[in-house]
Chemist: 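My structure is below; once you've seen it, I'll send some questions.
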Amino acid sequence: MPDCSKLDQSAQAYFNSLPTVFQEQIMQSGVEVTSKEDLERVYQNLLEKGKNC
């Protein structure tokens, strides 16, 4: 689970801007994120998985 307290300000703002359902999926995924770029990659992967269902 990502530790949101370790995210920098831009990563925190990006995470907060995501739809709640994606915030929850990211939190439950156990993926390690430390930057906005990490969050963007994870979000894009989740979007791609959703298209393939």
Chemist: Specify the closest pair of heavy atoms between Lys36 and Ala11, including all atoms of both residues, with the distance to one decimal.
Modeler: N-CB, 3.4 Å

Chemist: Which atom pair, heavy atoms only, marks the closest approach of Val31 to Ile26?
Modeler: CG1-O, 4.3 Å

Chemist: When rounded to the nearest 0.5 angstrom, what is the spacing between OG in Ser17 and CD in Gln12?
Modeler: 10.5 Å

Chemist: Compare all side-chain heavy atoms of Phe22 with those of Leu47 and state whether any distance is below 4.5 angstrom.
Modeler: yes

Chemist: Any chance you could measure Glu24, atom CD, to Leu18, atom CG, to the nearest 0.5 Å?
Modeler: 12.0 Å

Chemist: Do Pro19 and Tyr43 have side chains that get closer than 4.5 Å, going by heavy atoms?
Modeler: yes

Chemist: Between Asn16 and Gln23, what is the shortest heavy-atom contact and its length?
Modeler: O-NE2, 3.3 Å

